[in-house]
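Accompanying notes for the structure given below.
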Amino acid sequence: MGTCFSDMKGGKQAVGGNINAGTATNNNGGQNDAVDLFYKTQGFQQLFTQVELSLSASNLLDRDIASKSDPMVVVYAKKRDGKLEELGRTEVILNCLNPEWIEKISVAFHFEIVQPLEFHVYDVDTKYHSVPTTTLKLGDQEFLGMTSCTLSEIATKPSKSLSLRLQNKSGHGGLIRNLGEITVHAEETVASKSAVEMVLRCSHLDNKDVFSKSDPFLRISRMVESGGYIPICKTEVIDDNLNPKWKSVCLGAHKFGSKDNPLVIECFDFNSSGDHVLIGKVQKSVADLEKLYRERTGVNFVIPSTRHRQEKVLKGQLFVDQYCEKEQFSFIDYISSGFELNFMVAVDFTASNGNPQHSDSLHYIDAYGRLNSYQKAIMEVGEVIQFYDSDRQFPAWGFGGKIPGGTVSHCFNLNGNPGASEVVGVEGIMDAYVSALSSVTLSGPTLFGPVINMAAQTAAQSLTSVNSTKYYVLLIITDGVVTDLQETINALVKASDLPLSILIVGVGSADFTSMEVLDADNGRQLESSTGRVATRDMVQFVPMREVQSGQISVVQVLLEELPDQFLSFMRSRGISPLPSHFPKASTSTMQ
């Protein structure tokens, strides 16, 4: 969407080969270990099979003037009341009317119910190409068409594939112009902890450019039962290089199946027009790639020959410079082996919440027992967090209030005990909160930095023990008016190396724009005032008004990002689950 002067950076990024890919929770239809465990312990045993949807399209409508459309698919589940629940989004493919998307959409297939699905195709504006698709506002993108079916229609096909004509939003397609069609392929997800990490390199590639060298990237596809191939991974593009070496690619076994399954590895010359030129291809299994690494040999690319209807062997070769098999442990693997989540709570006592004596205050205590916004948040959030905190001992703080003695404190113990901040359970938080309202005067300004630093100090102390099994989650409940934004960012960047996640819950109807800046879902890692960049995303923002309106489940939204944040820290430190439950991860052979 837009002109030929597109933002190429987004289109040149790798897709599907991240070490964390496929482990947790990025789309709502997929399995979330943390959510499943919570529901199972509450007596809800869900019977379903996890399936992955692969998507491709043909003859899409071209909405652009000087280039082709840049398509993305959004997949929805249609509920009984007719409302749509988003399940996930593909990546954006630049300048392409016949795309094959690599990102899969994970869906829980319930055999006993009808599950209507809708597929909406958008042309994404070029200025959003480097932005994660999950954060895109669909109203800013151009609609290309939609279609629908039930999940069982796909799953019961012998080929597990279904092609559907795209229609416009009024339900008509092809009456005025052909909107193209979309093909959906469903495969049952194979649970596996094993993964393969490789560094791939090429030499002596054919040059497909005239005034410079080729800009190569690799696309890896696997064979499906019907005999076709589905792309599972794409490397980043390396500019102007006939001897490229790409960043490591990590493929979970659920993506390639058996090590003996054939894979097709294609090398393309990237073109901004979307017409990428095939440089060459090879067909090798993971076992074959491991052999190439062991023997330190390469394999020649081939390319179809138009003259003799046979493949022409090229000078260019593919090498596997590094190869390593490893185990990708899940969030539940760690928790069930003895790792603990330790929760901490901080409540906003700034004056922007309104006078607690007035009924319109967010801190108003109702004489008839009706809960205010903070009490509702504590109760609803507390039900989830105390499930994961084994000792139910919560450090509980307040900030932005004038404590007895007349001093404004930006981190005070909620229970009024200067020597101990911990309270017992959700009831303890509620009691301490109500008690604090009678002794603390709302003041300000709103400073998150002190409570984040206090939580970081606690998390840092756990790293001093040899075999620390603790991971900390700080819950900040606030009305959303932040004063020390840069100081907060500095504290978050400093804490990003620690076993800590921060969940910010917004109450009331304030403008939460500043909260969204702290949540790195826009693809940009936080940067401190000294230029240091956060090593990982550790913040999640939740507006309680959306939870309380029924738009989202409090359990789902609270635990949406936590497993990935937990796993990213454990993997960055090379920490495995406790060996009494799980064998040690295999030793890396990467050099």
Side-chain angles (χ1 to χ4, degrees), residues 38 41-42 341-404 409-443 446 448 451 454-455 458 472-480 502-510 542-549 553-555 557-559:
F38 178 83
T41 58
Q42 305 301 308
L341 296 182
N342 291 260
F343 284 85
M344 303 170 278
V345 181
V347 178
D348 186 339
F349 277 76
T350 58
S352 56
N353 288 282
N355 189 334
Q357 303 301 317
H358 298 165
S359 60
D360 60 350
S361 169
L362 295 173
H363 281 309
Y364 179 71
I365 301 299
D366 185 77
Y368 297 99
R370 286 174 294 195
L371 302 181
N372 67 30
S373 297
Y374 279 84
Q375 289 173 310
K376 287 178 182 177
I378 291 170
M379 288 293 291
E380 294 186 38
V381 174
E383 178 189 4
V384 180
I385 64 174
Q386 75 173 4
F387 166 75
Y388 279 101
D389 196 316
S390 57
D391 65 4
R392 298 178 70 240
Q393 298 282 333
F394 301 141
W397 304 299
F399 60 93
K402 187 177 293 185
I403 60 177
S409 174
H410 301 295
C411 185
F412 57 89
N413 294 343
L414 205 58
N415 59 9
N417 182 351
S421 63
E422 290 186 341
V423 298
V424 180
V426 176
E427 301 84 2
I429 301 175
M430 292 285 278
D431 291 344
Y433 164 69
V434 173
S435 176
L437 283 175
S438 64
S439 60
V440 176
T441 303
L442 302 192
S443 184
T446 306
F448 284 1
V451 292
M454 179 66 76
T458 303
Y472 295 86
V473 181
L474 171 63
L475 171 66
I476 300 176
I477 309 177
T478 180
D479 72 337
I502 296 174
L503 175 63
I504 303 173
V505 173
V507 296
S509 57
V542 179
M544 280 304 290
R545 58 179 174 236
E546 292 184 11
V547 172
Q548 291 160 353
S549 67
S553 155
V554 65
V555 177
V557 77
L558 288 176
L559 301 178

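- The main-chain N or O of G419 is found under 3.5 Å from a side-chain atom of N417 such that the two form a donor-acceptor pair.
- Nearest heavy atom pair, residue R392 against residue V426, reads NH2-N, 4.2 Å.
- Under the salt bridge (charged side-chain N to carboxylate O under 4.0 Å, His left out) criterion, no residue pair touches residues 349-358, with sequence neighbours excluded.
- With a 4.5 Å cut-off on side-chain heavy atoms, F349 and L414 count as touching.
- With hydrogens and angles disregarded, no donor-acceptor distance shorter than 3.5 Å links the side chain of S421 to the backbone of P395.
- Shown here for A377 and V505, the closest heavy-atom pair between the two residues is CB-CG1, 4.3 Å.
- Checking each of I429, L362, I378, I504 against I477 for a side chain to side chain contact (heavy atoms under 4.5 Å, CB included) leaves exactly one that passes, namely I378.
- For the pair W397/V347, no side-chain contact is recorded, criterion being any heavy-atom separation below 4.5 Å from C-beta on.
- To the nearest 0.5 Å, atoms CE (M454) and CZ (F412) are separated by 12.0 Å.
- Heavy-atom minimum distance, S435 versus S438: O-OG, 2.6 Å.
- With a 4.5 Å cut-off on side-chain heavy atoms, Q375 and I365 count as touching.
- Closest of all the heavy-atom pairs between D348 and T350 is OD1-OG1, 2.6 Å.
- Closest non-hydrogen pair, D479 versus S352, comes out as OD2-OG, 2.6 Å.
- In this structure, F394 CZ and D389 CG are separated by 4.5 Å, a value rounded to the nearest 0.5 Å.
- No side-chain donor-acceptor contact under 3.5 Å links S443 and T441.
- Looking at heavy atoms from C-beta onward, I502 lies out of side-chain contact with F448 at the 4.5 angstrom threshold.
- Between L475 and L503, some side-chain heavy-atom pair lies under the 4.5 Å cut-off.
- Judged as a ring-ring contact (aromatic ring centres under 6.0 Å, His included), the pairs with a partner in residues 365-386 (not counting sequence neighbours) are, in order, H363-Y374.
- With a 4.5 Å cut-off on side-chain heavy atoms, K402 and V440 do not count as touching.
- Annotation for L442 and G354: closest pair CD1-O, 3.1 Å, computed over non-hydrogen atoms.
- Partners of D360 according to the side chain to side chain donor-acceptor pair (under 3.5 Å) rule, which considers only residues two or more places apart in sequence or in another chain, do not exist here.
- Using a 4.5 Å heavy-atom threshold, the side chains of D431 and V423 count as separate.
- Y433 places a side-chain heavy atom less than 4.5 Å from the side chain of N372.
- No more than 12 heavy atoms of other residues, nucleotides or ligands shown are found within 6.0 angstrom of CE on M379.
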